[in-house]
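Everything below concerns the one structure shown next.
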Amino acid sequence: MKKIGVVLFTTDLRLHDNTTLNLAIKENDLVIPLFCWDEEQMNQLQFGFPRIGSIRRAFLNKVLIDLHKVLKDLGGYLLVRKGNNAEILAEITNEFSIHKVYTKKQVGIEEKRQNDNLKNILRKKGVDFEEYSTSTMYHPSDLPFSMSSIPEVFTKFRKVVEKEAIVRELVPTPTKIQCPAIPKEWMDFSFSENNTQIEKGFSLPELGGEQNAFQHLNWYLFEKQHILNYKETRNELSGLEFSSKLSPWLAFGCISPKYIYHEVKRFETECIANDSTYWLIFELLWRDFFRFSFKKHPIEYYQLHGILGKSDRKANRNTEIIEKWAEGKTENDFINAAMLELKATGWMSNRMRQLVASYFIYDLDQDWRVGAAYFESQLVDYDVSSNWGNWAYIAGVGNDPRAGRQFNLEKQEEQYDKEKRYQLLWLKN
Ligand code: FAD
């Protein structure tokens, strides 16, 4: 009898450097690459906002279409089923004798619980269920600390990691895959290009799947060498080249942070190494840091008093104030411009994310978690630990040794939008 494995894709939608896919192909004769399109979970309200808004859905749709295409080129397919992981895997394990389900490790508390639940159900049926770390630049088992002793402050973490850990080589990209024939009625997801229109605004590149991510990285590094100015430009507010714009692809796992790391190293060897080339990797380390901190504090990041357990933050939730902020109708036009950009494109620069969060928390005096939930719904690059970690940081309940960041908006506007160019871009309608 042929050995069959299932790869349960979530936010690791790529062929390259993907341990789950690689191992599944190695250990089985046939593989079912699966993605579950779970409407109920996507529409679930969190502080009044759906978990996945229309922009991220459109992007996800595009990414799935592209993953299906590349898997087809290898001789297989991507099975996209409507429903939740448990229901769909139950159907699959009833139809086929499955040896093992391969999936990535999660950090979000609900996703972790879902995986634990799946593991229990499947193991009772005699199906193996294994989770693999595929999201970070440094592999968790290569860190010089255990998860429970990850430092709370980034600088401490960075200094030790940079000295004592190395980034692994990439896991090989599969060159072929064999998938079993599946019941026709399972192909109920339409891989059509409808519903994939994304408003690019003035900063986002063309978004799609893995190949699209490779092209953009190559453009940013080798074609245009924009990376050479990264450190000086990364705080700008608008434009294609001021920062890497890799976050949407990182969020859905279309590109691996290890791949970016090794490409930057190649650029440094073949072209130039400077402070900016180092700084891009430094920022990716922030991403790792938040992810590992989440593993250490899986519940606390969603709580009002965060990982510190105590603060003067309040749980104020005034619907009118929150709506005005989200709709870009506050008394501050600098903030409004950014909120309008976010609403139209799912995007906002790092600097403006900090400022609108500071305004929400300190000027409007609202519960920071509501702001984080709106970002979760709206951001095209939403990533659980980067989002909730950064919000907690600004609210002074996260990994900030200075206990909170209230920004002086007048000063910030003077420094970053003196001529009001950014505001004019978004307020003109
Ligand atoms: P670059 O400046 O080119 O950086 C390269 C990569 O490094 C980014 O793609 C990202 O993966 C990582 N990175 C950079 N800055 C940070 C940071 N402060 N924290 C963690 N990782 C970082 N980033 C997300 O990817 N998803 C989110 O949901 C998210 N929510 C945020 C919410 C708030 C309130 C704030 C202040 C920041 C948030 N960030 C989030 C971090 C940061 O704003 C974005 O990663 C960055 O703007 C993405 O643009 P880029 O890819 O051009 O970044």
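Since the structure is predicted, the reported quantities are computational estimates derived from the model, not experimental observations. Whatever order the structure lists them in is the order used to number ligands and atoms, beginning at 1.
- Backbone and side-chain nitrogen or oxygen atoms of Trp286 are examined, and none is located within less than 3.5 angstrom of a nitrogen or oxygen of ligand 1.
- Ring-plane geometry between Trp388 and Trp368 is classed as perpendicular, the angle between the planes exceeding 60 degrees on a 0 to 90 degree scale with a lower cut at 30.
- For the pair Arg14 and Trp249, the cation-pi test (distance below 6.0 Å, angle within 45°) is failed.
- In terms of N/O distances under 3.5 Å, ligand 1 is not approached by Trp347.
- Geometrically, Arg266 engages Phe222 in a cation-pi contact defined by less than 6.0 Å to the ring centre and at most 45° from the axis.
- The shortest N/O to N/O separation between Ser247 and ligand 1 falls below 3.5 Å.
- Looking only at heavy atoms of the protein, atom 6 (C) of ligand 1 is closest to Leu284 CD2, 3.8 Å.
- For atom 32 (C) of ligand 1, the closest heavy atom belonging to the protein is Asn387 OD1, 3.5 Å.
- Summarising the contacts of atom 13 (N) of ligand 1 with Glu283, His226, Met348, the nearest heavy atom is found in Glu283.
- The Asp383 neighbourhood of ligand 1 comprises atoms 26 (N), 27 (C), 28 (O), with distances under 4.0 Å to a heavy atom of that residue.
- In terms of protein heavy atoms, atom 26 (N) of ligand 1 is closest to Asp381 O, 2.8 Å.
- Looking from atom 50 (P) of ligand 1 to the surrounding protein, the closest heavy atom is Lys245 N, 3.5 Å.
- For ligand 1, the atoms sitting less than 4.0 Å from at least one non-hydrogen atom of Phe290 are 19 (N), 20 (C), numbered in the order shown with element in parentheses.
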- Message: Between Asp38 and Met42, is the side chain to side chain contact (heavy atoms under 4.5 Å, CB included) condition met? List the steps.
- Response: CA-CA 6 Å; Asp38 187 348; Met42 289 179 179; 5.6 Å; no
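- Counting heavy atoms from C-beta on, the side chains of Lys105 and Lys295 come closer than 4.5 Å.
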- Message: Determine whether Asn115 and Glu131 satisfy the following criterion, side chain to side chain contact (heavy atoms under 4.5 Å, CB included), listing intermediate values before the conclusion.
- Response: CA-CA 8 Å; Asn115 273 6; Glu131 298 162 273; 2.9 Å; yes
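- Close approach of ligand 1 to Leu280 (heavy-atom distance below 4.0 Å) involves ligand atoms 3 (O), 5 (C).
- When only modelled atom types and interatomic distance are considered, Gln378 and Arg56 share no side-chain donor-acceptor pair under 3.5 Å.
- Protein heavy atom in closest approach to atom 20 (C) of ligand 1: Ser386 OG, 3.6 Å.
- Counting heavy atoms under 4.0 Å from ligand 1, residue Leu379 touches it through the side chain alone.
- Cation-pi check for Lys245 over Phe242 is met; the charged atom lies under 6.0 angstrom from the ring centroid and within 45 degrees of its normal.
- Of all atoms in ligand 1, listed by their number and element, those nearer than 4.0 Å to a heavy atom of Leu250 are 9 (O), 11 (O).
- Near Phe375, meaning under 4.0 Å from any of its heavy atoms, are these atoms of ligand 1: 32 (C), 34 (C).
- Between Arg51 and the options Glu40, Glu110, Glu39, a salt bridge (Lys or Arg N to Asp or Glu O under 4.0 Å) holds for only Glu110.
- Ligand 1 has an N or O atom lying under 3.5 Å from an N or O atom of Asn350, backbone or side chain.
- Remark: among candidates Leu355, Asp288, Ile394, Asn390, the nearest residue to atom 39 (N) of ligand 1 is Asn390, based on non-hydrogen atoms.
- Close approach to Tyr382 involves these atoms of ligand 1, each under 4.0 Å from a residue heavy atom: 28 (O).
- Judged by a 6.0 Å distance limit and a 45° cone about the ring axis, Lys82 is not positioned over the six-membered ring of Trp37.
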- Query: Given the rule in the side chain to side chain contact (heavy atoms under 4.5 Å, CB included) test, do Ile361 and Trp391 qualify, once you have shown the distances and angles that lead to the verdict?
  - Reply: CA-CA 9 Å; Ile361 297 165; Trp391 272 92; 3.9 Å; yes
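- Under the 3.5 Å distance criterion, with hydrogens and angles disregarded, no donor-acceptor pair is assigned to the side chains of Asn117 and Gln114.
- Less than 4.0 angstrom separates some heavy atom of Tyr230 from each of these atoms of ligand 1: 1 (P), 2 (O), 3 (O), 4 (O).
- In the candidate list Tyr393, Trp391, Phe360, Trp391 is nearest to atom 34 (C) of ligand 1, counting heavy atoms.
- The nearest protein atom to atom 40 (C) of ligand 1, hydrogens excluded, is given as Arg353 NH1, 3.3 Å; this is a heavy-atom distance.
- Checking only distances, Gln354 never comes within under 3.5 Å of ligand 1, N or O to N or O.
- Here the closest non-hydrogen pair linking Glu241 and Tyr220 is O-CE1, 3.7 Å.
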